[in-house]
Amino acid sequence: MEFILLAVTGMIAAIVGSLIGLGGGIVIVPILIFLGTELSVLDGITPQVAVGTSSLVLVFIGLSSVISYNKSKQVDWSNGKYLLFGIIPGAMLGSYTSSLFTVDSLKLYFGLFIILVSFILLVRGKIKPLKIFQNEKYIKPHTDGAGKVHYYGFPPYIGVFGSLLAGFAAGLFGVGGGALMTPMMIILFLMPPSIAVGTSMFLVLFGSLSSAGGHLLQGNIHFLYAVILIPAAYFGAKLGVKLNRSLDSNTVVFILRMVLLLLGIYMIIDSL
């Protein structure tokens, strides 16, 4: 029974994560903790193991998504490479900081974090992109799969600092960093949403790889559960990319926002 629950978790997390560029850890971590500490369905789940196992699964969600998004030229490799200088060390630092969590403290801070993500999803479409970082010397063209050319850019040091924060959250909570990077790229860097989602999954891949490496060194990965989660997540990510091109993302974001808000409130109350 627990293996079926894990497979379903991996599939749902990957579909949601790749669909809007969140990564999927924001679904995996609370479910692992709930199944392990609340229902006792899963053995050996601590906050650190939940975060570490999620980070490993997100490597494959990110890989699957990047391969699919790259086919339609939705990954900005040129600008994305600068963001790696922040997200990789940030994720490693976050993975070691997570060792400070107890079950209740992780529930509290993770609950606050996903409420923050819910708020970001609420305002993401209502905040007009800021042109403060749009300097001509940084603006470059990017041609998408439809042949449309988009012009945008950002100072590399701003991108590195922002991705450092997103990477820290990735390692700390096992969320991949996409929850912060996607709105950041849309609002601050003026990336078109379709390209921001694809580029976000590129960053999720490397942020999760760094985070998973840190957690591996600390023994925080449950490989049996990961083996069940990974295949479901890999194919779920491919499905999420297809849905990204066909569904009304606003409807998906609205549903996800409500679920995250309720889940965040529940985790905070349960930690008290």
For the pair [X] (side chain) and [Y] (backbone), establish whether a donor and an acceptor sit closer than 3.5 Å, ignoring hydrogens and angles.
X	Y	value
Ser54	Ala50	no
Thr53	His222	yes
Ser210	Phe206	no

With clusters defined by side-chain heavy atoms of hydrophobic residues (ILVMFWY) lying less than 4.5 Å apart, directly or transitively, does [Y] cluster with [X]?
X	Y	value
Leu35	Val227	no
Tyr82	Ile158	no
Leu6	Val41	yes
Met11	Val204	yes

Member of Asn220, Leu209, Ile221 meeting the side-chain contact (heavy atoms from CB on, under 4.5 Å) criterion with Leu56: Ile221
Short side-chain donor-acceptor distance under 3.5 Å, Ser98 and Ser95: no
No-hydrogen, no-angle side-chain donor-acceptor test under 3.5 Å, Tyr152 and Asp76: yes
Flag the pair [X] / [Y] as yes when at least one side-chain heavy-atom distance between them is below 4.5 Å, and no otherwise.
X	Y	result
Val59	Leu63	no
Met92	Ser211	no
Leu83	Phe189	yes
Leu32	Val49	no

Aromatic centroids of Phe173 and Phe113 separated by under 6.0 Å: yes
Electrostatic pair Lys107:Asp270 at N-O distance under 4.0 angstrom: yes
